[in-house]
**Q** 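Got a structure for you, written out below as structure tokens; questions coming shortly.
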Number of protein chains: 2
Amino acid sequence: MSEFTAIRKIYNYPGLKTSDYERICSSHEKVIISKGDFLLREGQIANEYFCLEEGLMRAYANSYEGNEVTTAFFSPGDIIIEVASLFLRIPTKENIQALTDCNCWKLSFSDFQELFQNINAFTEWGRTWMARVLFSTKQRSLSMITDSATDRYLALLREKPEILHYAPLKHVASYLGITDTSLSRIRKYISSK
Amino acid sequence: MSEFTAIRKIYNYPGLKTSDYERICSSHEKVIISKGDFLLREGQIANEYFCLEEGLMRAYANSYEGNEVTTAFFSPGDIIIEVASLFLRIPTKENIQALTDCNCWKLSFSDFQELFQNINAFTEWGRTWMARVLFSTKQRSLSMITDSATDRYLALLREKPEILHYAPLKHVASYLGITDTSLSRIRKYISSK
DNA sequence: GTCATTTCTTGTCTTATGACAAGATTTTTT
DNA sequence: AAAAAATCTTGTCATAAGACAAGAAATGAC
């Protein structure tokens with residue numbers, strides 16, 4: 001069972017028993033992704049989600065003016081998912097791409113539903129997980145309002161420092177809501193202190 | 001049953017039968033709120049949510065520097081809820097206050113759980129609802145990045161025009177991520193065209 | 001109806017960030 | 001290894017929005 005350590009950490013929840021974990025873990029399928037590959041592309045309907053064990057990914061949308069805007073970075077221990085597309089069965093507006101080679105564990109929507117309907121503690125885990133995601137998404141819009149670009153950069157540096165070694169500046173900049181030029185200047189300013 | 005029209009609209013979902021609606025509606029309790037009253041205050045743990053039938057409300061958080069930042073406006077047909085506090089049982093950082101006198105239908109967390117566990121289509125409705133909320137929250141942070149303050153103002157004007165008659169400028173401005181001074185100038189500029 | 005408070009507008013000046021462009025550096029391709 | 005492409009930095013100038021302050025207008029309290 002030790003091969004499932006990463007998955008178990010993601011699904012860690014008080015009510016889940018060992019037998020539940022066995023069932024949950026064995027529903028996941030190991031997937032190897034190469035740098036640059038896509039887990040999801042604009043226009044598709046997501047049919048699964050992925051638990052990220054190793055590597056880094058990013059999600060981005062194309063803005064009205066045609067620029068890529070990074071909407072999320074994923075690091076090990078994150079669930080890579082496009083909730084709207086998976087749960088509402090609508091075509092996604094996001095692209096999810098590997099920044100490095102990655103190991104993931106895939107769970108199909110039908111297997112998810114099966115677990116969600118039959119394991120009570122999994123249902124609770126799901127609601128809890130969703131509440132946490134919603135909370136951090138709200139925090140993100142709040143941060144866009146209350147924090148300066150510099151503060152947002154420093155926060156990302158604290159939370160996902162690995163990202164800054166692997167994602168090009170413009171991806172990070174669009175995630176922070178600024179241009180790559182500005183981010184370059186912010187970095188210069190910070191390192192000068 | 002016609003007194004429950006507002007609630008039924010909120011819970012409209014293919015799989016729900018008439019008997020389900022009866023059970024759901026009768027779990028809600030009518031609540032009258034006066035302008036200025038709070039449904040939730042910072043530090044409390046939410047024990048219920050509210051379906052808004054008539055009136056307007058806003059949610060706000062206090063930023064690190066001590067300013068009120070409006071995080072949401074609610075109009076009839078919306079569910080007034082603080083997901084993180086209700087589902088994770090943690091003290092909220094938000095305040096929810098009535099902008100006008102309001103009619104709501106209250107559902108306690110325990111009644112919600114009872115419905116969620118026993119009516120299959122209600123579980124699905126809940127997941128769908130949550131996915132939609134998460135989607136619109138993500139849209140909001142994207143909009144903070146890709147749209148100008150003027151565009152964001154025009155979007156709010158389109159989506160919740162009533163709000164602009166009842167909420168003071170500074171509440172609207174902080175929701176848009178700008179100062180009331182700037183919003184005043186944006187309005188002047190727009191009306192001059 | 002008057003006074004006090006809150007809300008809104010406007011002016012001036014400052015600041016953060018953007019737009020555009022050029023050059024330097026790094027990475028990828030062949 | 002050389003060429004091409006992508007990435008990053010820096011310069012100059014433009015612009016959106018903020019800070020602060022003063023006054024006008026609207027709202028609420030007595």
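Quick note on labels: first sequence line is chain A, next is B, and so on, each numbered from 1.
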**Q** Any side-chain N or O of B/Ser184 under 4.0 Å from OP1/OP2 of C/dT9?
**A**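 True: B/Ser184 side-chain N/O within range (under 4.0 Å) of C/dT9 OP1/OP2.
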**Q** Go nucleotide by nucleotide along DNA chain C from the 5' end; which of A/Ser148 and B/Arg187 gets its closest nucleotide reached first?
**A**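 The answer here is B/Arg187.
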**Q** Take B/Phe116 and B/Phe109 through the test ring pair (Phe, Tyr, Trp, His ring centres under 6.0 Å) and record every step on the way to the result.
**A** CA-CA 10 Å; B/Phe116 192 82; B/Phe109 186 50; 9.6 Å; no
**Q** Between B/Ser182 and D/dG18, is there a side-chain N or O to OP1/OP2 distance below 4.0 Å?
**A**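 Answer is yes, contact under 4.0 Å.
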**Q** Take B/Lys35 and B/Thr181, find for each the nucleotide of DNA chain D with the closest heavy atom, and name the residue whose nucleotide sits nearer the 5' end.
**A**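 On the 5' side of the pair lies B/Thr181.
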**Q** Examine B/Phe112 together with B/Phe87 and report whether their ring centres are nearer than 6.0 Å.
**A**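 For B/Phe112 and B/Phe87, the ring centres are under 6.0 Å apart.
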**Q** Enter the distance from A/Leu56:CG to A/Lys35:NZ here, rounded to the nearest 0.5 Å.
**A**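 The distance works out to 11.0 Å.
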**Q** Near DNA chain C, under 4.0 Å by heavy atom, which residues of residues 152-160 of chain A?
**A**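 Listed by number, there are none.
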**Q** Have a look at B/Arg185 and say if it touches a base, only the backbone sugar-phosphate, or nothing, with a 4.0 Å heavy-atom cut-off.
**A**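 The residue B/Arg185 makes base contact.
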**Q** Go through residues 161-171 of chain B and report each residue with a non-hydrogen atom lying under 4.0 Å from DNA chain C, sorted by number.
**A**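 Heavy-atom contacts with DNA chain C come from B/Pro168, B/Leu169, B/Lys170.
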**Q** Under 4.0 Å between any heavy atoms, over every strand shown, what does A/Gly177 touch: base, sugar-phosphate, or nothing? Just pick one.
**A**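 Contact class for A/Gly177: sugar-phosphate only.
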**Q** So that I know where these two stand, are A/Tyr11 and A/His28 an aromatic pair - ring centroids less than 6.0 Å apart?
**A**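 So the answer is yes for these two rings.
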